[in-house]
Amino acid sequence: MLNITSTKTLHNEVEMPRFGLGVFKMTDRDEALQALTTAIDAGYIAIDTAAIYKNEKEVGEAVKASSVKREDLFITSKVWNTDQGYDETLRAFETSLKTLDMDYLDLYLTHWAVPEKFKDTYRAIERLYDEKLIRATGVSNHQIHHLEEIFVQANIKPMVNQIELHPYLTQVELLDFCKANDITVTAWSPLGRGKVLEDAVIASIGQKYSKSIAQVIIRWHLQSDNIVIPKSVTPSRIEENAQVFDFELTTEDMKQIDALNKDERTGSHPDHFKF
């Protein structure tokens, strides 16, 4: 029985919320604060930010202003590409922590696998973990070959890999690899940046449950055992996205959505990102 505070146990036994708020492109201060406040008030216990999003300050302020204790929330941030490398990552983390006005982060990720740097970046993230400044280590946009390179030198494998994932991009091979190596997957762009919201198959499934296409997709992610962080600045949409715990997709529903894969990305392929 999933609910808004359901968690998934990472391989270091830390409990990571299965559902949270993504804050990509929330650059307007007032809008970001309203969205964050709405989400926390609606029961969201996870927030996913990044240095490059330029809203870590607002995340910190919203957390401080809420009635929810910091330790009851799960805050993720990421080191941007231009700040990667061992020493650079340690400095970038210190800046993020100061901007967030927090003592620790729950999860810190390498944003993209910058060639010649991502392994040193992850080594720095391991150090932050050893020093108990973060509760879990992770990466984002890492392909199988990136993870295999990290495995060679890592003292502890990444606990999380955040990747683009939605019904038009199911990334089955990468998901299977992560599952086999006990790496939890978080879906960014879980609704395909709106591209999937016109899908007739998902619309017909939604009609059965009186749910929107977005709600069906979020539920599909949850039942696929993925962490999901839908982004919205609209209060009504933030609340609607959380109303996915009162219905369950059937095995046939899940298969129908799985079959929609087109290997269609809305963002860059990690191997072809213009660093």
Side-chain angles (χ1 to χ4, degrees), residues 1-10 15-22 24 38-39 42-48 74 140-141 144 160-232 234-267 269:
M1 293 292 292
L2 292 170
N3 60 56
I4 198 168
T5 59
S6 289
T7 59
K8 184 172 169 65
T9 307
L10 305 181
E15 297 292 330
M16 181 174 180
R18 291 176 176 270
F19 177 82
L21 180 73
F24 177 57
T38 299
Y44 286 64
I45 57 170
I47 299 166
D48 181 277
F74 193 100
S140 184
N141 301 302
I144 291 172
V160 175
N161 186 15
Q162 185 177 131
I163 60 173
E164 181 178 353
L165 190 65
H166 48 77
Y168 289 173
L169 182 72
T170 54
Q171 303 227 55
V172 173
E173 187 181 0
L174 179 53
L175 258 62
D176 287 346
F177 180 87
C178 287
K179 186 175 183 179
N181 286 279
D182 205 6
I183 297 172
T184 294
V185 170
T186 299
W188 68 257
S189 190
L191 307 176
R193 291 188 185 168
K195 286 189 176 182
V196 195
L197 295 180
E198 305 296 325
D199 192 274
V201 171
I202 304 176
S204 68
I205 292 171
Q207 285 172 357
K208 287 197 301 181
Y209 304 102
S210 298
K211 292 293 181 180
S212 70
I213 293 178
Q215 288 171 321
V216 171
I217 295 170
I218 292 167
R219 184 72 201 189
W220 169 78
H221 279 291
L222 291 166
Q223 288 184 217
S224 298
D225 203 27
N226 303 321
I227 307 288
V228 60
I229 46 170
K231 172 253 173 181
S232 180
T234 309
S236 60
R237 188 67 51 77
I238 290 169
E239 290 168 357
E240 181 186 293
N241 286 344
Q243 291 163 4
V244 293
F245 301 101
D246 56 353
F247 76 108
E248 187 171 352
L249 298 172
T250 65
T251 303
E252 185 56 38
D253 294 334
M254 294 292 289
K255 284 180 182 175
Q256 279 187 278
I257 299 171
D258 289 342
L260 298 174
N261 179 55
K262 304 176 182 180
D263 292 332
E264 185 176 290
R265 292 180 183 272
T266 66
H269 189 293

| How long is the span from the CG atom in Leu249 to the CD atom in Gln215, to the nearest 0.5 Å? | 11.0 Å
| With distance as the sole test, does Arg18 use its side chain to make a donor-acceptor pair with the main-chain N or O of Val228 at under 3.5 Å? | no
| query | Does a donor on one side chain sit under 3.5 Å from an acceptor on the other, for Glu240 and Ser212? | reply | yes
| query | Is there a side-chain contact (heavy atoms from CB on, under 4.5 Å) between Leu169 and Lys262 once you walk through the steps? | reply | CA-CA 6 Å; Leu169 182 72; Lys262 304 176 182 180; over 6 Å; no
| task | Under the side-chain contact (heavy atoms from CB on, under 4.5 Å) rule, what do Thr7 and Met16 come out as? Steps first, then yes or no, please. | result | CA-CA 5 Å; Thr7 59; Met16 181 174 180; 5.8 Å; no
| said: For Asp253, is there an ion pair with Lys208 - N to carboxylate O distance below 4.0 angstrom? | reply: yes
| request: Could you tell me which non-hydrogen atom of Ala242 sits nearest to which non-hydrogen atom of Ile4, and how far apart they are? | output: CB-CD1, 3.7 Å
| query | For Ile218 and Pro230, which heavy atoms make the closest approach, and how far apart are they? | reply | CD1-CG, 3.9 Å
| Point-to-point distance, once rounded to the nearest 0.5 Å, from CG of Asp182 to CG of Leu10 | 8.5 Å
| said: I'd like to know if the side chain of His221 and the backbone of Pro190 have a donor-acceptor N/O pair within less than 3.5 Å. | reply: yes
| request: Enter the distance from Leu165:CG to Leu174:CG here, rounded to the nearest 0.5 Å. | output: 8.5 Å
| Does the side chain of Ile257 come within less than 4.5 Å of Val216's, by heavy atoms? | yes
| field | Minimum heavy-atom distance between Phe24 and Arg193, given as atom pair plus value | value | CE2-NH2, 3.9 Å
| said: Exactly one of Thr186, Asp225, Asn226, Thr184 should register a side-chain hydrogen bond (donor to acceptor under 3.5 Å, both in side chains) with Lys8. Which one does? | reply: Asp225
| note | Heavy-atom closest pair (Ile202 atom, Pro167 atom, distance to 0.1 Å) is CD1-CG, 4.1 Å
| field | Parallel, tilted or perpendicular: ring planes of Phe19 versus Phe245, cut at 30 and 60 degrees | value | perpendicular
| Is there a donor-acceptor pair under 3.5 Å between the side chain of Ser6 and the backbone N or O of Asn3? | yes
| Leu260 and Val201, any side-chain heavy atoms less than 4.5 Å apart | yes
| message | Nearest 0.5 angstrom please: Leu175 CG to Ile163 CD1, how far? | response | 5.0 Å
| Rounded distance [0.5 Å steps], CD in Glu164 versus CD in Gln171 | 7.0 Å
| request: Measure across Ala39 and Leu21 and return the closest heavy-atom pair with its distance rounded to 0.1 Å. | output: CB-CD2, 3.8 Å
| remark: Only residue of Val244, Leu191, Asn241 satisfying side chain to side chain contact (heavy atoms under 4.5 Å, CB included) with Ile217 is Leu191
| Closest non-hydrogen atom pair, Tyr209 against Ile205 | CD1-O, 3.2 Å
| request: Ignoring hydrogens and angles, tell me if any N or O in the side chain of Ser232 forms a donor-acceptor pair with the backbone of Thr234 under 3.5 Å. | output: yes
| said: Testing the 3.5 Å rule here: is there a donor-acceptor pair between the side chains of Asp199 and Tyr168? | reply: yes
| field | Candidate pair Gln162 and Asn141, rule side-chain contact (heavy atoms from CB on, under 4.5 Å), full reasoning | value | CA-CA 6 Å; Gln162 185 177 131; Asn141 301 302; over 6 Å; no
| Electrostatic pair Asp246:Lys211 at N-O distance under 4.0 angstrom | yes
| message | Closer than 3.5 angstrom, by distance alone: can the side chain of Asn161 be matched with the main-chain N or O of Val185 as a donor-acceptor pair? | response | no
| said: Once rounded to the nearest 0.5 Å, what's the spacing between atom CZ of Phe74 and atom CD1 of Ile45? | reply: 9.5 Å
| task | List the steps, then state whether side-chain contact (heavy atoms from CB on, under 4.5 Å) holds for Leu2 with Glu248. | result | CA-CA 9 Å; Leu2 292 170; Glu248 187 171 352; over 6 Å; no
